[in-house]
Amino acid sequence: MSQQPAQSISGRFILLVKAGYWLALLIIAAMVMASFILLQQMMAAQRHDDTLLDIVGMQKTLSQRIVFLANAAGAASRNQQPALVTAFKQATAEFERNYDLLLERVVADPASSARFDAKSVESVLFAKPFHLDYFSVGLIANGERLVSAFESQLGLADNGGYKGGGERVNLDASIANATLSGYAALDQRISAHADARSETLLDLHRTLFYTTIGVIVLVALFIFRPMSNAILRKTHELIDARNSMAFIAVHDGLTGLHNRTFLTDHFDTLIKGAQRRRERLAAVHLDLDRFKQINDTLGHAAGDYVLVVTAQRMRDSCRASDLCVRLGSDEFVMILNGAGGTEDINMVARRVLTQINEPIVFRGTTILPGASAGVAVYPVDADNAQDLLVHADLALHSAKKQSGGGGLSFFSEELRHELDFRKQLEQDIRIAIAEKAFQVYFQPQVSLSNGTIGGIEALVRWKHAERGMIAPGEFIPVAEKCGLMPEIGRIVIAKAISEAAEWNRAGVAFGRLAVNVSGSELREPDFDAFLFGVLEKTGLPPQKLSLEIVESVILDDEKTGIAAKLRHIRAAGVHLELDDFGTGYASLSHVNPNEIDRLKIDRRFVQNINENSDNTKIVRAITELARGLGISIVAEGAETEAELDSLMAIGCDQVQGYSIAFPMPQDQAREWLVARAPKKARLTVLRGSRA
């Protein structure tokens, strides 16, 4: 419930940060863009005014040059006149072009009322006292006429040259001086306008600059400062969260002790330190004896409380240099640095056990948790962390086995031999898997009322090349612990289904083939594909197969997806049986006729059922439950006639046990099935004469 509001607050904060960031960025970008545009306008206006001033300056020079060249050409000899006339003509033409460009750039209108403004450009061009336009046009016109007159005199004119009189082409200094005065005034007007425009733009730019600074300050105060404070706060929260995650990564969340990860990462360092100091180091593996019982009877809250109190008692009973670790569930490890001799270690370990075994009061209920411990010592029992923990675990199991709980045991040579035996057994199991050396034995299930065969269970057997037949109870736990059970299971399933398919083709009645399947096998992602592949390859109908599973497998189905896989398998026609019913969690929610086809009563309720009234009541209750739900039932472990009679009286018809048949290899099982098959009536053909 609290995760969604936290995510919503985090989302709003991120949205606020983004909005503030983009708002500030847009404001600053707008101010910068405005400053850029103003600067561009200033530069463009400056270039425009500089161009006008350059033209005006050029016109002032050309006006004097035109008069000078006109006088020089008139006074020069005939040989010198052509060059002077050409220069005079070029100067006049350039003056005209510049004047046209000037009028185009200033965009002056002779009819505009601005000509009456003494400070305007139009007043210089079109009004008193300068009449620059009049004198410029006059200078150009007189210059062109004078050029034509000179060209006519020199015979250089086209189309007959100039036809007017000489008095009409005089070009004196008065026109040039008037023109020069006009352009000087125009220069002043343009400069004044340029200065005024520049001052206005500078004032505006200055205002914009100060406004930008003010906006930046406001953004810093009202956007970036709150944003930075929020980011700083969130950063502290992230640092705290990271520290918490770092703490959780190496500590147990319930007890606060270090966890398995921390032990794995630091144990080698502790051993190297002990080796460098030439000291002993002891690993004490502790386990609560009745923890499952506490959880089942008082609930998980009581179990958690016991774990917390146990962890605190461990801390209180060890030194600051020692390391306390919770491996998981109710398993703990203490690493004793500078452990001293065996007697010292024994004293510390027993002191810890004594404190842990003190009664715990939870909500008015007194709990006696009990604990056992196993000890392995470096460098006596092992020289590395992994072996030391394994040896301490073996010593713990030895303590539980010897005392039944509450005991303490040190790793010994006997345990070392046992470990070596287990390692060798594991290696032999791997070889047997590679060679598919596991055999399948079959044990029939028979109806007490009519003797028909209801099914036959496939059981794994292993005949070792050197040690002979090894009991399943000896190698299966080892195979499960080292993760080899799925491979063994597939060998057994393939061989059992193949043999059952041969029986089916030969017409041998065997009911249904029952195969035990462990949780580790069902957790394999391709188990259903493997099973269907074997059925298809061998030709055994799915209805002839039944999978036996235990209740603990169903409990784990939500986390592993086993339930969906079992539904898929059952939908294909394969039957499902609940094995060892009544010995596990025995939740009635698992006894569902839509999911389970048969219950199998465990042998501990069947043995001595004729003498044990409690077992009789249990078997009767299970039988009536199954009958009411429409689920078939079979009892295993029936070994005597008295037990069979009791089962018959209760109404449990299907039985499996030594009193019926021992597990048999496939050839014997086939002979047994053929021998017990109902005899078919033999048809006798009568020979005789026809009527």
Side-chain angles (χ1 to χ4, degrees), residues 289-290 292-293 296-297 370 400-406 441-461 469 471-474 476-477 511-512 514 516 546 548-552 554 577-588 590-591 596-664 668-669 672 676:
D289 299 323
R290 289 177 289 277
K292 183 178 183 301
Q293 181 181 350
D296 292 343
T297 57
K400 285 179 172 290
K401 191 184 300 182
Q402 292 173 8
S403 62
Y441 277 45
F442 299 91
Q443 188 174 29
Q445 299 163 347
V446 177
S447 170
L448 292 176
S449 59
N450 55 26
T452 58
I453 301 169
I456 189 166
E457 182 178 4
L459 302 169
V460 62
R461 293 293 185 267
M469 193 66 74
E474 186 176 345
I476 286 181
R512 285 201 306 259
N516 289 279
S546 180
E548 291 190 7
I549 57 176
V550 295
E551 289 173 279
S552 59
I554 302 179
E577 299 184 12
L578 200 56
D579 196 12
D580 299 338
F581 185 75
T583 62
Y585 297 89
S587 173
L588 296 181
H590 304 147
V591 186
I596 298 297
D597 299 290
R598 186 162 67 169
L599 298 180
K600 197 168 189 180
I601 303 175
D602 188 70
R603 67 179 66 250
R604 73 184 67 180
F605 301 122
V606 175
Q607 291 176 350
N608 300 321
I609 189 174
N610 55 304
E611 300 175 358
N612 191 323
S613 61
D614 291 336
N615 285 355
T616 302
K617 294 175 183 177
I618 292 173
V619 173
R620 178 177 285 109
I622 296 174
T623 303
E624 292 177 355
L625 171 67
R627 186 182 295 115
L629 293 173
I631 300 175
S632 62
I633 194 167
V634 61
E636 64 175 342
E639 298 181 357
T640 66
E641 289 294 332
E643 292 171 354
L644 293 177
D645 292 339
S646 296
L647 291 172
M648 186 70 176
I650 290 173
C652 181
D653 184 58
Q654 294 286 328
V655 294
Q656 171 185 345
Y658 293 161
S659 60
I660 304 299
F662 287 90
M664 301 170 283
Q668 294 182 20
W672 191 93
R676 293 294 296 267

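For the single chain, residues carry numbers from 1 onward in sequence order.
Here the CD atom belonging to Q668 is positioned 7.5 Å from the OH atom belonging to Y441, to the nearest 0.5 angstrom. Rounding to the nearest 0.5 Å gives a distance of 10.0 Å between NZ of K617 and CG of N612. Atom CD of residue Q654 and atom CG of residue L599 lie 13.0 Å apart, to the nearest 0.5 angstrom. Interatomic distance, CH2 of W672 versus CD1 of I660, reported as 7.0 Å (0.5 Å rounding). Atom CG of residue L644 and atom SG of residue C652 lie 10.0 Å apart, to the nearest 0.5 angstrom.
Side-chain atoms of S646 and T616, non-hydrogen and from C-beta on, never get closer than 4.5 Å to each other. At least one side-chain heavy atom of D289 sits under 4.5 Å from a side-chain heavy atom of K400. Contact check for R461 versus P663: side-chain heavy atoms found under the 4.5 Å cut-off. For the pair I476/V460, a side-chain contact is recorded, criterion being any heavy-atom separation below 4.5 Å from C-beta on. Counting heavy atoms from C-beta outward, D645 and N610 have side chains that stay 4.5 Å or more apart.
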### Task
May I have the step-by-step check of side chain to side chain contact (heavy atoms under 4.5 Å, CB included) for D579 and E636, ending in yes or no?
CA-CA 10 Å; D579 196 12; E636 64 175 342; 3.8 Å; yes
### Task
Any chance you could lay out the side chain to side chain contact (heavy atoms under 4.5 Å, CB included) test for L647 and I601, step after step, and finish with the verdict?
CA-CA 11 Å; L647 291 172; I601 303 175; 5.9 Å; no
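S632 contributes a side-chain N or O that, together with a main-chain N or O of D597, makes up a donor-acceptor pair within less than 3.5 Å. The main-chain N or O of A638 is found under 3.5 Å from a side-chain atom of S659 such that the two form a donor-acceptor pair.
Taking every heavy atom of both residues into account, N615 and F605 meet most closely at CB-O, 3.3 Å. Here the closest heavy-atom approach between residue E643 and residue G637 is recorded as OE1-O, 3.8 Å. In this structure, V550 and L578 approach most closely via the heavy-atom pair C-CD1, 4.2 Å. P472 and P477 get closest at one heavy-atom pair: O-CD, 3.7 Å.
Not counting sequence neighbours, the partners of N516 by the side chain to side chain donor-acceptor pair (under 3.5 Å) test are E457.
Under the side chain to side chain contact (heavy atoms under 4.5 Å, CB included) rule, I622 has a single partner from I618, V619, L625, which is I618.
Residue pairs satisfying the side-chain hydrogen bond (donor to acceptor under 3.5 Å, both in side chains) criterion with at least one member in residues 443-453, sequence neighbours excluded, are listed as follows: Q443-Q656, Q445-R598, Q445-Q656, S447-S449, S447-N450, S447-D653, S449-D653, N450-T452.
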